[in-house]
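Scroll down for the structure; my scribbles are underneath it.
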Amino acid sequence: MTAFTSIGSLLSTPVLEGQVALRGWVYRTRSSGKIVFAVLRDSTGIIQVTIKKGNLPDAQFEEAVAASIESSVEVTGTMHQDGRAPGGYEVLATSFKVVGPALPFPITEYQSEELLLDNRHLWIRSREQTAVMKVKATLLAGAREWLAEQGFTEVTPPILTQNACEGGVTLFKLRYFDRDVFLSQSAQMYLESLIFALEKVYSITPSFRAEKSRTPRHLTEYWHLELEEAWTDNEGNMRIQEELVSAMVAKALKERGAELELLKRDIEPLKAVQPPFERLRYADMIALLRDKGFAIEFGADLGAAEERAITEDKGAPVFVTNFPKQCKAFYMKEDQDDPRTYKCADLLAPFGFGEVIGGSERETDLAKLLQRMEEQGIPQEPYRWYLDLRRFGSVPHSGFGMGVERMVKWVCNLEHIRDAIPYPRTVARAYP
Ligand code: NSS
């Protein structure tokens with residue numbers, strides 16, 4: 001059995017004596033007469049393989065000449081320094097074998113966004129997509145590590161539910177045997193129930209929103225990191241968020257420098273992501289927006305333009321707290337110091353990226369919850385179990401939900417959220 005070495009490890013620890021064996025996909029290739037330059041790609045990097053006629057059996061040389069882009073290949077050879085090659089090294093082949101030939105690849109250099117999306121199953125091999133997926137995995141690993149250190153237990157809430165967490169407008173309904181159920185918009189209510197067993201919980205699940213809006217920051221299916229903690233108020237909730245976000249960004253900076261560089265992400269601003277984050281009250285923010293020329297009144301929700309205006313000159317994320325009740329969901333806790341508002345916060349990423357987290361302290365007063373549900377025409381029956389939580393040993397508690405792709409979009413500086421997920425689902429697309 002040949003022992004294959006990854007391209008990344010060959011470039012970081014070059015093997016300048018003896019043979020190396022590698023395998024991957026043809027990333028670029030050109031040949032002239034008796035020599036082929038094939039750049040190979042694997043999950044860890046790219047390296048140039050030079051195949052010279054006479055250094056290997058003729059049939060293998062012909063195979064190398066014919067090997068098209070994205071053919072999978074196995075190569076052995078010797079490694080040499082070469083200033084012109086990517087990474088500064090090349091492998092001079094002594095054997096070359098095509099494992100799986102490739103038809104002409106439908107993706108070439110300049111392609112329309114539509115063609116790239118239709119060929120997403122092939123496009124995800126691109127170096128940019130690969131880099132984004134690695135950063136995303138590292139952000140999630142960073143979150144799990146930090147949450148485990150803080151004593152949070154990861155739990156697995158359901159995706160099929162009978163209650164709406166974030167309102168009826170963006171619900172996906174589906175037939176479930178003889179009745180209707182919804183795809184989960186948020187695990188929040190289930191997490192609220194789980195704190196009575198585990199106190200500090202979180203989950204990472206898909207969430208679904210029937211978002212009709214075509215924007216660069218909305219998906220219909222996205223990954224949601226949600227957390228709920230017993231005995232914690234909105235201020236404690238914000239402290240968890242700022243530390244969690246900072247720990248995730250720090251891990252990406254530590255482990256994904258090469259990927260962020262490939263994505264041309266300026267990492268200096270990310271280094272400024274350190275707790276505490278600024279807290280800005282909604283009412284003060286309205287005043288600020290009005291100074292900037294927005295005709296916005298107390299009570300209006302924030303759109304992308306407003307969020308951009310607030311964060312364009314910020315170097316680090318900002319919390320906006322105390323939203324008016326009419327902007328937010330019925331389950332939030334009223335702020336007794338300003339009963340027009342809830343004890344809630346949205347976390348906005350800097351430089352115009354906008355909302356990445358929505359969170360709040362939860363209303364524990366059953367009468368208040370029932371009254372709001374009545375006012376908003378929300379039926380009690382699907383929420384019977386949720387309301388029970390206020391009847392059996394209720395405690396102050398808070399939690400939040402982070403849009404994982406929103407985090408990735410910000411950390412990787414992506415223009416569109418669809419590039420933060422391998423198979424984006426939007427109004428226009430559920431294929432491939
Ligand atoms: O609607 S949220 O603001 N809040 C909730 O769902 C709470 N129930 C979460 C909780 O407290 N457990 O959504 C939370 C975050 C929001 O800040 C965005 O970052 C993200 O979820 N989000 C989305 N990401 C991508 N696409 C869409 N459509 C989307 N909607 C929300």
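Atoms within each ligand, like the ligands themselves, are counted from 1 in listed order.
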With backbone taken as N, CA, C and O and side chain as the heavy atoms from C-beta onward, which portion of [X] lies under 4.0 Å from ligand 1: side chain, backbone, both, or neither?
| X | result |
| --- | --- |
| Thr170 | neither |
| Tyr222 | side chain |
| Glu226 | side chain |
| Phe208 | neither |

List the closest protein heavy-atom neighbour of [atom]: residue, atom name, distance to the nearest 0.1 Å.
| atom | result |
| --- | --- |
| atom 18 (C) of ligand 1 | Arg406 NH1, 3.6 Å |
| atom 5 (C) of ligand 1 | Glu166 OE2, 3.3 Å |
| atom 11 (O) of ligand 1 | Arg362 NH2, 2.8 Å |
| atom 15 (C) of ligand 1 | Gly401 O, 3.4 Å |

For [X], atoms of ligand 1 separated by under 4.0 Å from a heavy atom:
| X | value |
| --- | --- |
| Arg217 | 25 (C), 26 (N) |
| Cys165 | 8 (N) |
| Glu355 | 3 (O), 16 (C), 17 (O), 19 (O) |
| Ile357 | 17 (O) |
| Val356 | 17 (O), 19 (O) |
| Gly403 | 15 (C), 19 (O), 20 (C), 21 (O) |
| Tyr331 | 7 (C), 8 (N) |
| Ser186 | 6 (O), 7 (C), 8 (N), 9 (C), 12 (N) |

Can [X] and [Y] be counted as having a side-chain donor-acceptor contact under 3.5 angstrom?
| X | Y | answer |
| --- | --- | --- |
| Asp338 | Asn322 | no |
| Ser360 | Arg362 | yes |
| Arg406 | Tyr222 | no |

* Would you check, one step at a time, whether the test side chain to side chain contact (heavy atoms under 4.5 Å, CB included) holds for Arg144 with Ile204? => CA-CA 10 Å; Arg144 286 196 162 99; Ile204 303 177; 3.6 Å; yes
N/O to N/O below 3.5 Å, does that happen between Glu228 and ligand 1?
->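 No - when backbone and side-chain N and O of Glu228 are compared with those of ligand 1, no distance drops under 3.5 Å.
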Would you say Gly359 and ligand 1 have an N/O pair spaced under 3.5 Å apart? no
Ring center gap for Phe298 and Tyr282 short of 6.0 angstrom: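 Close enough - the centres of the two rings lie under 6.0 Å apart.
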- Item | is_close_aromatic(Tyr331, Tyr383), centroid dist under 6.0 Å |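 No, the ring centres sit 6.0 Å or more apart.
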>> Are there over 12 heavy-atom neighbours, none belonging to Arg84, within less than 6.0 Å of that residue's CZ?
In response: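 Not buried by this count: 12 neighbours or fewer within 6.0 Å.
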How about CD on Glu415, more than 12 heavy atoms from neighbouring residues, nucleotides or ligands closer than 6.0 Å, or not? no
*Tell me, please, which residues at least two apart from Pro14 pass side-chain contact (heavy atoms from CB on, under 4.5 Å).*
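Residues passing side-chain contact (heavy atoms from CB on, under 4.5 Å) with Pro14: Leu16, Met79, Tyr89.
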Restricting to heavy atoms, the pick from Leu219, Leu227, Thr220 nearest atom 28 (N) of ligand 1 would be Leu219
The option among Gln185, Arg209, Met189, Met402 carrying the non-hydrogen atom nearest to atom 13 (O) of ligand 1 is Arg209
Value for CG (Leu244) from CG (Leu227), rounded to nearest 0.5 Å, stands at 7.5 Å
Hey, are the side chains of Arg209 and His218 touching, using non-hydrogen atoms and a 4.5 Å cut-off? no
Q. So Glu235 and Met238, side chain to side chain contact (heavy atoms under 4.5 Å, CB included) or not? Walk me through it.
A. CA-CA 5 Å; Glu235 184 49 41; Met238 286 191 278; 3.4 Å; yes
